*Asks:* 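One structure, as structure tokens, below. Some questions next.
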Amino acid sequence: MSDYLELLPAVDIKGGQAVQLVQGVDGSEKRFGDPVEAALRWQEAGAEWLHLVDLDGAFGHGTNRELQAQIVGTLDIHVEMSGGIRDDESLEAAMATGARRVNIGTAALEHPEWCARAIATYGDRVAVALDVRGRTLSARGWTRDGGDLYEVLARLDGEGCARYVVTDVDKDGMLQGPNLQLLGDVCAATDRPVVASGGVTTLADIEALMGLVPIGVEGAIAGTALYEGRFTLEDALALTKGVTP
Ligand SMILES: O=C(O)c1ccccc1N[C@@H]1O[C@H](COP(=O)(O)O)[C@@H](O)[C@H]1O
């Protein structure tokens, strides 16, 4: 277990642009320009990980795979890649980019046997994205219910899943803070590390998430708040690493 909270700035790509959605709703996006430039900006600010999402892949209407591969090839830091990774071909293509980690969402709910094979084959290079409303999981671009969070978590634990990326869909892009209760509940239900996603808005939110590191929160994804300048990545990283600016 890490002793500090890993911060993962997000680059979500839709139609070739860096965007941020509100509650994952297709069409709600604010645009933030070239995703390669965004990724480089976060790397230059000191990030050690990038959370890279192909939203077109997640919605099932195209892909931004070439851009994702370009970003992984351009950066020197770890990349966690997600969106549209649902079969052997998309999984192998994602792994071949050199991404350190690949997140599986929909396929973990709709094709559990395939997901179990992916976990067995790639070990901790696979994480499962648990995108949740209340205690109900969401699939297919968060447009379809995908089962009970805790039942799926128990199944995935049994299959050896190394880590979970837990997103509160209702918090995502809302700039109202993360769902600390949900994160605590998930950490109580599994001994695997959890990366928190959805709602991070202030440095105080990051401090609150740092307080969950001892129970299993390993990292936190920050998106809209960073793009909208609610805090700087430099300040957030200084906070997580205990560096006085
Ligand atoms: O990150 C988002 O805003 C988002 C919105 C709507 C759907 C998915 C989103 N992000 C991530 O995409 C993957 C799921 O993709 P798939 O189901 O495996 O194709 C997952 O990491 C979500 O958190």
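Whatever order the structure lists them in is the order used to number ligands and atoms, beginning at 1. Just so it is clear, the structure is predicted and the values come from calculations on it, not from any experiment.
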*Asks:* NE2 of His78 to CG of Leu52: how many Å apart, nearest 0.5 Å?
*Replies:*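 If I round to the nearest 0.5 Å, the distance is 15.0 Å.
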*Asks:* Are any of the N/O atoms on Arg86, whether in the backbone or the side chain, positioned under 3.5 angstrom from an N/O atom of ligand 1?
*Replies:*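 By distance alone, the answer is yes.
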*Asks:* Among all protein heavy atoms, pick the one closest to atom 10 (N) of ligand 1 and tell me residue, atom and distance.
*Replies:*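 Here the nearest protein heavy atom works out to Val53 CG1, 3.6 Å.
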*Asks:* Any idea which protein heavy atom is nearest atom 15 (O) of ligand 1, and the distance to it?
*Replies:*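 Nearest protein contact, heavy atoms only, for atom 15 (O) of ligand 1 is Gly83 CA, 3.4 Å.
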*Asks:* Looking only at protein heavy atoms, identify the closest one to atom 17 (O) of ligand 1 and say how far it is in Å.
*Replies:*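 Checking every protein heavy atom, the shortest distance to atom 17 (O) of ligand 1 gives Thr106 OG1, 2.4 Å.
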*Asks:* Among all the protein's non-hydrogen atoms, which is closest to atom 7 (C) of ligand 1, and how far away is it?
*Replies:*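 For this ligand atom, the closest protein heavy atom is Gly141 CA, 3.5 Å.
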*Asks:* Quick one: does any side-chain atom of Glu48 pair with a main-chain N or O of Glu6 as donor and acceptor, under 3.5 Å?
*Replies:*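 It does not hold such a pair.
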*Asks:* Quick one: nearest non-hydrogen protein atom to atom 19 (O) of ligand 1, plus distance?
*Replies:*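 Of every protein heavy atom, Gly84 N, 2.7 Å lies nearest to atom 19 (O) of ligand 1.
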*Asks:* Please report the C-alpha distance between Arg230 and Thr201 in whole Å, then the side-chain angles of each, then the deciding distance to 0.1 Å, and finally whether the side chain to side chain donor-acceptor pair (under 3.5 Å) criterion is met.
*Replies:* CA-CA 7 Å; Arg230 298 294 180 111; Thr201 308; over 6 Å; no
*Asks:* Enumerate the atoms of ligand 1 whose separation from the nearest heavy atom of Ala58 is less than 4.0 angstrom.
*Replies:*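 Under 4.0 Å from Ala58, ligand 1 has these atoms: 7 (C), 8 (C), 12 (O), 15 (O), 19 (O).
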*Asks:* Work out which heavy atom in Gly177 is nearest to a heavy atom in Asp205; give both atom names and the distance.
*Replies:*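 Between these two residues, the closest heavy atoms are CA-OD2, 3.6 Å.
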*Asks:* Does the side chain of Trp114 pick up a donor-acceptor pair with the side chain of Asp88 at under 3.5 Å?
*Replies:*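 There is such a pair (donor and acceptor under 3.5 Å, judged by atom type) between the side chains of Trp114 and Asp88.
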*Asks:* Which ligand 1 atoms does Gly24 reach within 4.0 Å, using its non-hydrogen atoms?
*Replies:*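 Counting from 1, the qualifying ligand atoms are 5 (C), 6 (C).
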*Asks:* In terms of residue, atom name and distance, what is the protein heavy atom nearest to atom 22 (C) of ligand 1?
*Replies:*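 The answer is Asp131 OD2, 3.2 Å.
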*Asks:* Heavy-atom distances under 4.0 Å decide this one: backbone, side chain, both or neither, for Gln20 against ligand 1?
*Replies:*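 Gln20 to ligand 1: no contact under 4.0 Å from either part.
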*Asks:* Nearest 0.5 Å please: distance from the CG atom of Leu75 over to the CD atom of Gln70.
*Replies:*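 So the gap between those two atoms works out to 10.0 Å.
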*Asks:* For Gly105, take its heavy atoms, then give the atoms of ligand 1 lying under 4.0 Å from any of them.
*Replies:*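 So the atoms of ligand 1 that pass are 17 (O), 18 (O).
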*Asks:* So, are Glu110 and Arg86 salt-bridged, with charged N and O less than 4.0 Å apart?
*Replies:*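 Looking at Glu110 and Arg86, the cut-off is not met.
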*Asks:* Among all protein heavy atoms, pick the one closest to atom 6 (C) of ligand 1 and tell me residue, atom and distance.
*Replies:*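 Nearest neighbour among protein heavy atoms for atom 6 (C) of ligand 1, to 0.1 Å: Trp142 CD2, 3.5 Å.
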*Asks:* At a 4.0 Å threshold, what atoms of ligand 1 neighbour a non-hydrogen atom of Ala129?
*Replies:*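 Answer, ordered by atom number: 20 (C), 21 (O).
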*Asks:* Is Glu89 paired with Arg65 through a side-chain N to carboxylate O contact shorter than 4.0 Å?
*Replies:*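 Here Arg65 pairs with Glu89 in a salt bridge, since their nearest N and O are under 4.0 Å apart.
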*Asks:* State plainly whether one hydrophobic cluster holds both Leu182 and Leu153, where clusters connect Ile, Leu, Val, Met, Phe, Trp and Tyr through side-chain heavy atoms under 4.5 angstrom apart.
*Replies:*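 Yes, because Leu182 and Leu153 connect within a single hydrophobic cluster, where side-chain heavy atoms sit under 4.5 Å apart.
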*Asks:* For atom 1 (O) of ligand 1, what is the closest protein heavy atom, and at what distance to 0.1 Å?
*Replies:*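 The closest one turns out to be Asp12 OD2, 3.7 Å.
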*Asks:* Under 4.0 Å from any heavy atom of Leu55, which atoms of ligand 1 are there?
*Replies:*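 It comes down to these atoms of ligand 1: 2 (C), 3 (O), 4 (C), 5 (C), 9 (C).
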*Asks:* Indicate the atoms forming the closest heavy-atom contact of Asp148 with Arg135, along with that distance.
*Replies:*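 Of all heavy-atom pairs spanning Asp148 and Arg135, the closest is OD1-NE, 2.7 Å.
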